[in-house]
Each structure stands twice: as structure tokens, then as C-alpha cells.
Amino acid sequence: MGISIPLFIIFILGCVGYFVQEPNVARVMIFFGKYKGTCKKVGYFWVNPFMSRKKLSLRIRNMDIEPIKVNDKIGNPVLIGMVLVWRIKDTYKVVFDLDSQSLGAQTASVSNAALQNFVRIQSDAALREVTGHFAYDQTDSNNPNELTLRDSGNEINDLLEKKINERLAMAGMEVVEARLNYLAYAPEIAAVMLRRQQASAIIMAREKIVEGAVSMVEMALDNLEKNQVVKLSNDQKATMVGNLLAVLCADEPLTPTLSTNTKSE
């Protein structure tokens, strides 16, 4: 009887040391405050029952960063949202370099809420830093290669991913993908900027219309002279050009007017 009790206690302690580990899961081994390594293997294992095991998920995680208001390069308030895909890379840094109280030092697993809170704060700061160096739309018409938030999505995403990785590396995490998923002017200037975009679109459309009208007038004059349909003086050509441009560039169909005045010699 005296021997069975110690054996039973040893048996219970031995059973505590067994654990099952799934794919993409790691356990950080700590023996009386000293780091002893990280187990990333899959299967059924036994370790010293006095060794604490911090469980970490190495699986890919997705986070939707709500739109935040930032000022772009020229000071316009813009709402920007982002989708972030991240995962744990260095288990040692996650457990020992982040605040142990917020990560649940007395529990067998690391708090996901604490990790997500850290990632969200750092991602928010990186998003403000990166987007603040670019304008929402082109500010210089003479520079077609200007990077903007609206037209340079891939370049902005690459810069954003790099900047967030720099911030998360201190805590042992990495970004798999960072991508803007929402971009709009802030409500206080949205109406004004919409009118500005509409004006720019109208100007571009007018340029195309005028360019096409000029080419059509040139073609008409060349065909008249080539086929010797009629000989026109410079004044008559100028009048014809003005009439054709008015017809071709008008917003509404024009009604032609025929002149019946004749001159007798």
C-alpha cells in the first residue's frame, strides 16, 4: 500500500507529459523559466511533466482592417481600408518579446486577441505612413508615371507589405499579403472631388472629340481638292472648317441652313 501511492503519483505526473500536436501548430518548451526549444513536429509526444508548453498556431490568419481616415500627399482626407494575411514566424519572439501579461503567461496557449491587437496597431501605423506619401489621384499631368493611390495598386501594396513586415518582425510575425480593399475620399470633400473628376473626364472627352473633328475636316478638304469637286478660296475654306467643327463638336444635333442668295455677273 505504501509503494502504490508514490507509483500512482508518478503515473499521473507521467501522463501529464503526453500531448498530441497537429500540423501547423508549435509548442514553446519552458522549464522553470528557461527556454528549452520549440516543438513543431506532428504526432504524439512525451516531455518532462514539469516543463510548461506554450501552444502557438502557425496557420495563416486573415484580418480586415477597417477604413481609417488619413491625409494623402497633398493633404486631402482619404478613407483607406486594408486586408492583411499574416502568420507567426519566430515562436521565441512571440512568447518572450511581447508583453507576457497580455499573452497569458499563466495559460498553456498564447492569446490570439493579444496577437491580433498588436498586428492591428502596427498595420494601422504602417498604413498611415505609406499612404501619406502618395496623392489619391494624379497631381501632375506632365508626369504619367506618378504613383497614386487610385492607379498604382500593386506598387502601393508592395510598399505596404514591406513596411508592415518591418514592424511585425520585432515580434516574430510576418505578412503574407497586404492589399488595399477600400479607397475613397472622406465625406467632407467627396462631393467636391466628384465634381473635379467629372470635369476632368469632360475635358478629356472634349479633347478626343476635337481631335477627331479636326481629322475629319482635314480629310473632307483633301478629298474635295483631290477629286476636283469644287475650288474653294481661303475664306470659303475657313467658313467650311468653322461650320464642320461646329456640327461635329456640338453637344446637340444642329439644323443646317441653306443660303439661297445668288449673285449675277
Side-chain angles (χ1 to χ4, degrees), residues 4-68 81-127 130 154 157-182:
S4 60
I5 295 177
L7 291 176
F8 179 75
I9 295 175
I10 294 174
F11 174 76
I12 295 297
L13 291 176
C15 291
V16 174
Y18 288 102
F19 66 93
V20 178
Q21 185 149 283
E22 300 174 353
N24 286 326
V25 174
R27 279 179 169 82
V28 177
M29 306 297 177
I30 305 173
F31 186 68
F32 293 105
K34 187 176 181 180
Y35 174 70
K36 288 297 183 178
T38 300
C39 178
K40 297 182 180 180
K41 296 181 180 180
V42 178
Y44 187 65
F45 303 96
W46 183 89
V47 294
N48 190 326
F50 294 101
M51 187 177 294
S52 61
R53 304 180 293 274
K54 293 286 186 179
K55 185 177 179 181
L56 293 171
S57 174
L58 305 181
R59 298 184 176 105
I60 293 176
R61 312 183 194 195
N62 190 52
M63 180 179 293
D64 186 8
I65 306 297
E66 294 294 331
I68 59 175
M82 177 178 62
V83 171
L84 188 66
V85 181
W86 62 280
R87 63 186 174 189
I88 294 176
K89 184 178 180 180
D90 189 330
T91 57
Y92 179 90
K93 289 184 177 180
V94 170
V95 174
F96 295 102
D97 288 352
L98 288 179
D99 185 5
S100 59
Q101 293 182 356
S102 64
L103 293 178
Q106 304 302 323
T107 63
S109 62
V110 175
S111 171
N112 289 328
L115 291 176
Q116 291 178 359
N117 184 57
F118 179 83
V119 173
R120 188 178 300 276
I121 292 175
Q122 296 301 323
S123 300
D124 185 285
L127 182 61
V130 172
N154 292 332
N157 292 334
D158 291 341
L159 292 173
L160 189 60
E161 182 178 328
K162 180 180 178 181
K163 183 59 65 174
I164 298 177
N165 266 322
E166 292 177 357
R167 291 176 173 269
L168 296 186
M170 69 179 77
M173 291 173 278
E174 68 172 349
V175 175
V176 178
E177 182 184 19
R179 184 171 298 274
L180 298 180
N181 69 336
Y182 184 88

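- In this structure, the side chains of Met82 and Val130 stay at 4.5 Å or more apart for every pair of heavy atoms.
- Using a 4.5 Å heavy-atom cutoff, the side chains of Lys162 and Asn157 are not in contact.
- Atom CG of Asp124 is separated from atom CZ of Arg120 by 9.0 Å, given to the nearest 0.5 angstrom.
- A distance of 6.5 Å separates CZ in Arg53 from CE in Met29, rounded to the nearest 0.5 Å.
- Residues satisfying the side-chain hydrogen bond (donor to acceptor under 3.5 Å, both in side chains) test with Asn24, not counting sequence neighbours, are none.
- The two residues Ala125 and Arg167 come nearest to each other via the heavy atoms CB-NH1, 3.7 Å.
- Annotation for Val20 and Arg27: closest pair O-NH1, 3.5 Å, computed over non-hydrogen atoms.
- Nearest heavy atom pair, residue Ala126 against residue Lys163, reads CB-CG, 3.8 Å.
- Note that the CG atom of Leu84 and the CG atom of Leu127 stand 10.0 Å from one another [nearest 0.5 Å].
- Under a 3.5 Å cut-off, the side chain of Arg59 and the backbone N or O of Pro23 do form a donor-acceptor pair.
- Of all heavy-atom pairs spanning Lys93 and Met170, the tightest one is CD-O, 4.0 Å.
- Checked against side-chain hydrogen bond (donor to acceptor under 3.5 Å, both in side chains), Arg61 has the following partners two or more places apart in sequence or in another chain: Asn112.
- Side-chain atoms of Val28 and Val94, non-hydrogen and from C-beta on, never get closer than 4.5 Å to each other.
- Separation of atoms OG (Ser123) and CH2 (Trp86) is listed at 9.5 Å; rounding is to 0.5 Å.
- The two residues Lys40 and Lys89 have their closest heavy-atom pair at NZ-O, 4.4 Å.
- Lys36 contributes atom NZ, which lies 11.5 Å from atom CD1 of Ile30 (distance to the nearest 0.5 angstrom).
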Exercise for the section: Could you walk me through whether Gln21 and Val42 pass side chain to side chain contact (heavy atoms under 4.5 Å, CB included), step by step? Expected result: CA-CA 5 Å; Gln21 185 149 283; Val42 178; 5.7 Å; no
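- Not one N or O on the side chain of Asp97 forms a donor-acceptor pair closer than 3.5 Å with the backbone of Tyr92.
- Looking at Leu58, Ile60, Val175 one by one, the single match for side-chain contact (heavy atoms from CB on, under 4.5 Å) with Arg87 turns out to be Ile60.
- Put simply, the side chain of Asn62 never gets that close to the backbone of Val85: no donor and acceptor are under 3.5 Å apart.
- A salt bridge does not link Glu22 with Lys55: every distance from a Lys NZ or Arg NE/NH1/NH2 to an Asp or Glu carboxylate oxygen is 4.0 Å or more.
- Using cut-offs of 30° and 60° for the angle between ring planes, the Tyr35 and Phe96 rings count as perpendicular.
- Considering all non-hydrogen atoms of both residues, Val119 and Leu168 come closest at CA-CD2, 4.1 Å.
- Looking at residues two or more places apart in sequence or on another chain, you find a side-chain hydrogen bond (donor to acceptor under 3.5 Å, both in side chains) between Thr91 and Thr38.
- The CZ atom of Phe19 sits 11.0 Å away from atom CH2 of Trp46, with the distance rounded to the nearest 0.5 Å.
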